[in-house]
*Asks:* 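First the structure, which I've put down as structure tokens, then a few questions once you've had a look.
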Amino acid sequence: MDKPLVAIVGRPNVGKSTLFNRVVGRRIAIVEDTPGITRDRLYAEAEWNGREFVMIDTGGLLFNEQDPLKTEVTLQAQVALEEADVVIFMTDAVSGVTPMDEEIADKLRGACKPVILVVNKADNAARDQDALEFHALGLGEVYPVSSLNGRSVADVLDVVVESFSTAELEPGYPEDAVKISIIGRPNVGKSSLLNSILGRKRAIVSDIPGTTRDAIDTVLQRGDDTIVLIDTAGIRRSGKVQGSVEYYTVLRALRAMERADVAFVVIDAFDGLRDGDKRVAGFAQEAGRACIIVVNKWDLCEEKVMREFSEQVRKQVPFLDFAPIVFVSALTGMGVAALLDTAMDVAASHTMRIPTSELNRILQEAIDARPFSRKGRELKIRYATMADIKPPTIVVFVNDTSLAHFSYVRYLENQIRKEYSYEGTPLRLIFKQARKERK
Ligand code: GDP
Ligand code: GDP
């Protein structure tokens, strides 16, 4: 099931990221311990009243952070409206209605999806009065909240999850289909790669609508395998949109990735790795998808050496060290068939469970071979279990979670990967306190 996408829009400094962090905070703490990622998060899964959703802080998507242009903010509102299922429009009780608020409201008014007008910084009941003037924006009910101290935030979240459409989208493909999203910055060759995949296979290809209004998924059959390419319309148009291209591309890619099993992170071999590529790679890592780093345009790089290029990539995106690097040319078709084979392999890793007894044996052997202690206290593993897949998630009950030092967790992960390589998928190890044993 797709998770609904909730976008927070509004001019700078109204408190968007404060609300975002408050809502998704708990989830972030669980998956935080990844080296090499220091960016602010602007996209995260969240949950309220048992309903899961994905939240986006559109303020963080501003690429021109110094002096965000008015037009860029309204463009964000427009794109959020196109892509999100619910829009939270945030304003500020202290500053009152500003011209920029009016401009954003113009974009949002009359939308055919829920727009929730939140007036932030209503830290106490007196400030609720200040919020009343926002009725003038013509967006219906006004919700005064304080993102800072949490006041009335729960009420807004109630409204958000109630407004999710209850209609569940029937996927038009088998449940075991492998869903792939092709992501990357503009011009790396995403749509060329898509065409190469579709053209070469002479497969049975069909287009079916995805969740967003203009998203199209393409289904293809490859032997016994069904592959779904997520949001092929987005891939085709990504490089050709006017205005804030990068913003649009990122939002669209995040959306596609949320629905995918495997992300093809495409980079341009000729250009080499750029900051934009690292950003995209970071999103893929964060989303917990299986990943393949696809080095495209290799036909232009006869003088380069694959091994050296790979080493460069590893150095620059260390947090995707589990991802295979595959060299292709979308133009000549080189490597494209092998890429799809690799995609099937990493998708299998993404859903693989280790039997509980095996898992406990591996961890016990690891800890026996290299015990870990700090301040005279030794880490002991009581029990481990596979709690989830996509990505594979292992919960380890230990005598003292403060002893689960990052480097040691890394060691344990590597020991697991020695026996179950889990190629192409992140592996999550979560440490929990075992219940105190009776004396
Ligand atoms: P963004 O640019 O919209 O993401 O805004 P931020 O979340 O960065 O917040 C801008 C400033 O407003 C920060 O100094 C916050 O501490 C402050 N702020 C955010 N929410 C509230 C609130 O509910 N009450 C008050 N008094 N200040 C807030
Ligand atoms: P997108 O914006 O990521 O979808 O990129 P496109 O697929 O539109 O490709 C951008 C440009 O790179 C186009 O001019 C393509 O013809 C070119 N291109 C894409 N793949 C390759 C490749 O494998 N080799 C070469 N030489 N050019 C390529």
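As a basis for the values below, the full set of heavy atoms in this structure was taken, side chains included, without hydrogen atoms, waters or symmetry mates. These numbers were taken from a predicted model, which means no experiment stands behind them.
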*Asks:* Can you check whether Gly10's main-chain N or O pairs, donor with acceptor, with Lys16's side chain at less than 3.5 Å?
*Replies:* yes
*Asks:* Are Ile416 and Leu427 close enough that some pair of their side-chain heavy atoms sits under 4.5 Å apart?
*Replies:*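 Sidechains of Leu427 and Ile416: in contact.
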*Asks:* Taking side chain as C-beta onward, heavy atoms only, is Glu378 less than 4.5 Å from Phe372?
*Replies:* no
*Asks:* Roughly how far, to the nearest 0.5 Å, is CG of Leu339 from CZ of Phe264?
*Replies:* 4.0 Å
*Asks:* Step by step, work out the side-chain contact (heavy atoms from CB on, under 4.5 Å) result for Val118 and Thr91.
*Replies:* CA-CA 6 Å; Val118 166; Thr91 56; over 6 Å; no
*Asks:* Please round to the nearest 0.5 Å and tell me the distance separating atom CG of Asn149 and atom NZ of Lys121.
*Replies:*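 So the gap between those two atoms works out to 13.0 Å.
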*Asks:* Dump the intermediate steps for side-chain contact (heavy atoms from CB on, under 4.5 Å) on Val396 and Ile430, then the final yes or no.
*Replies:* CA-CA 6 Å; Val396 186; Ile430 297 171; over 6 Å; no
*Asks:* For the pair Asp277 (side chain) and Ile267 (backbone), establish whether a donor and an acceptor sit closer than 3.5 Å, ignoring hydrogens and angles.
*Replies:*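 A pair under 3.5 Å: no.
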*Asks:* Looking at Arg185 and Asp271, is any side-chain nitrogen of the basic one under 4.0 Å from a carboxylate oxygen of the acidic one?
*Replies:* yes
*Asks:* Mind running salt bridge (Lys or Arg N to Asp or Glu O under 4.0 Å) on Arg307 and Glu311 for me, showing each step along the way?
*Replies:* CA-CA 6 Å; Arg307 190 173 43 80; Glu311 280 165 11; 3.5 Å; yes
*Asks:* Should we say atom NZ of Lys432 is surrounded by more than 12 heavy atoms from elsewhere, each under 6.0 Å from it?
*Replies:*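 Counting other residues, nucleotides and ligands, NZ of Lys432 stays at 12 neighbours or fewer.
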*Asks:* Any heavy-atom pair between the side chains of Ile56 and Leu5 that's under 4.5 Å?
*Replies:* yes
*Asks:* How long is the straight-line distance from NZ of Lys3 back to CZ of Arg259, given to the nearest 0.5 Å?
*Replies:*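 Result: 13.0 Å between the selected atoms.
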*Asks:* Test Leu229 against Val219 for side-chain contact (heavy atoms from CB on, under 4.5 Å), laying out the working first.
*Replies:* CA-CA 6 Å; Leu229 294 154; Val219 185; over 6 Å; no
*Asks:* Could you point out which residue of Val160, Val159, Asp158 forms a side chain to side chain contact (heavy atoms under 4.5 Å, CB included) with Val156?
*Replies:* Val160
*Asks:* Side chains of Asn187 and Asp268: do they bring a donor and an acceptor to under 3.5 Å?
*Replies:*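 Their side chains do not contain a donor-acceptor pair, so the 3.5 Å distance test is not met.
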*Asks:* Is the charged tip of Arg370 near the ring of Tyr411: under 6.0 Å from the six-membered ring centre and within 45° of its axis?
*Replies:* yes
*Asks:* I'd like to know if Glu47 pairs up with Arg51 as an ion pair, taking the criterion as any Lys NZ or Arg NE/NH1/NH2 lying under 4.0 Å from an Asp or Glu carboxylate oxygen.
*Replies:* no
*Asks:* Which atom names give the shortest non-hydrogen contact between Thr356 and Ala384, and what distance separates them?
*Replies:* CG2-O, 3.6 Å
*Asks:* Under the criterion side-chain contact (heavy atoms from CB on, under 4.5 Å), I'd like the reasoning laid out for Met344 against Val178: C-alpha separation, chi angles, the key distance, then a yes or no.
*Replies:* CA-CA 7 Å; Met344 301 314 289; Val178 171; 3.6 Å; yes
*Asks:* Flag the pair Asn296 / Val188 as yes when at least one side-chain heavy-atom distance between them is below 4.5 Å, and no otherwise.
*Replies:*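 Of all side-chain heavy-atom pairs linking Val188 with Asn296, none is under 4.5 Å.
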*Asks:* Is Lys107 paired with Glu103 through a side-chain N to carboxylate O contact shorter than 4.0 Å?
*Replies:* no
*Asks:* Should we say atom CD of Glu175 is surrounded by more than 12 heavy atoms from elsewhere, each under 6.0 Å from it?
*Replies:*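 Result for CD/Glu175: open.
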*Asks:* Measure the acute angle between the ring planes of Phe309 and Trp298, then classify it against the limits of 30° and 60° as parallel, tilted or perpendicular.
*Replies:* perpendicular
*Asks:* Could you walk me through whether Phe164 and Phe53 pass the ring-ring contact (aromatic ring centres under 6.0 Å, His included) check?
*Replies:* CA-CA 9 Å; Phe164 292 156; Phe53 55 97; 5.8 Å; yes
*Asks:* Without swapping roles, check the side chain of Asn399 against the backbone of Leu379 for a donor-acceptor pair under 3.5 Å.
*Replies:* no
*Asks:* Is a side-chain N or O of Arg417 found less than 3.5 angstrom from the main chain of Tyr422, in a donor-acceptor match?
*Replies:*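 Yes, Arg417 side chain to Tyr422 backbone: donor-acceptor pair under 3.5 Å.
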*Asks:* Taking C-beta and beyond as the side chain, do Val398 and Leu403 meet within less than 4.5 Å on heavy atoms?
*Replies:* no
*Asks:* Checking Asp345 now: which residues fulfil side chain to side chain donor-acceptor pair (under 3.5 Å) with it, not counting sequence neighbours?
*Replies:* none
*Asks:* Keeping Lys278 on the side-chain end and Gln316 on the backbone end, is there a donor-acceptor pair under 3.5 Å?
*Replies:*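 Checked: no pair found.
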*Asks:* Donor-acceptor pair, Asp217 side chain versus Asp231 backbone, under 3.5 Å?
*Replies:*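 Present.
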*Asks:* Side chains of Leu193 and Val294: does their closest heavy-atom pair fall under 4.5 Å?
*Replies:* yes
*Asks:* Is any side-chain heavy atom of Val23 closer than 4.5 Å to a side-chain heavy atom of Trp48?
*Replies:*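 Val23 does not reach Trp48 side chain to side chain.
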*Asks:* Looking only at heavy atoms, what is the nearest atom pair of Met257 and Ala287, with distance?
*Replies:*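 Met257 and Ala287 have their closest heavy atoms at CE-CB, 4.0 Å.
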*Asks:* Atom NZ of Lys190 and atom CG of Asn195: how far apart are they, to the nearest 0.5 Å?
*Replies:* 12.5 Å
*Asks:* Applying the side chain to side chain donor-acceptor pair (under 3.5 Å) criterion to Asp261, which one of Lys390, Lys179, His350 satisfies it?
*Replies:* Lys390
*Asks:* Would you call Glu365 and Arg361 a salt bridge, taking side-chain N to carboxylate O under 4.0 Å as the test?
*Replies:* yes
*Asks:* Should we count OH of Tyr408 as having more than 12 external heavy atoms under 6.0 Å?
*Replies:*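 Yes, because the 6.0 Å sphere around OH of Tyr408 holds more than 12 heavy atoms from other groups.
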*Asks:* Looking just at side-chain N and O atoms, do Ser147 and Asn120 make a donor-acceptor pair shorter than 3.5 Å?
*Replies:* yes
*Asks:* So, Arg22 side chain and Leu148 main chain: donor-acceptor pair closer than 3.5 Å or not?
*Replies:*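 A pair under 3.5 Å: yes.
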*Asks:* Which heavy atom of Ser349 sits nearest to which heavy atom of Thr425, and what is that distance?
*Replies:*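 Between these two residues, the closest heavy atoms are CB-CG2, 3.5 Å.
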*Asks:* With no hydrogens and no angle check, is any side-chain donor or acceptor of Thr385 less than 3.5 Å from a backbone partner on Ala387?
*Replies:*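 No.
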*Asks:* Taking the side chain from Thr393 and the backbone from Ile389, do they hold a donor-acceptor pair closer than 3.5 Å?
*Replies:* no
*Asks:* For Ala347 and Val262, which heavy atoms make the closest approach, and how far apart are they?
*Replies:* CB-CG2, 3.9 Å
*Asks:* Drop me the distance from Arg289's CZ to Ser181's OG, to the nearest 0.5 angstrom.
*Replies:* 8.5 Å
*Asks:* Kindly indicate whether the side chain of Phe327, heavy atoms from C-beta on, has any atom under 4.5 Å from the side chain of Ser310.
*Replies:* yes
*Asks:* As an exercise, state the distance from CG of Asp400 to NZ of Lys375, rounded to the nearest 0.5 Å.
*Replies:*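 Atom-to-atom, Asp400:CG and Lys375:NZ are 10.5 Å apart.
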*Asks:* Are Arg11 and Asp101 close enough for a salt bridge, meaning some N to O gap below 4.0 Å?
*Replies:* yes
*Asks:* Looking only at heavy atoms, what is the nearest atom pair of Cys291 and Phe322, with distance?
*Replies:* CB-CE1, 4.1 Å
*Asks:* Tell me yes or no: between the side chains of Ser329 and Asp299, is some donor less than 3.5 Å from an acceptor?
*Replies:* yes
*Asks:* How far apart are the closest heavy atoms of Ala323 and Ile293, and which atoms are they?
*Replies:*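 Of all heavy-atom pairs spanning Ala323 and Ile293, the closest is CB-CG1, 4.1 Å.
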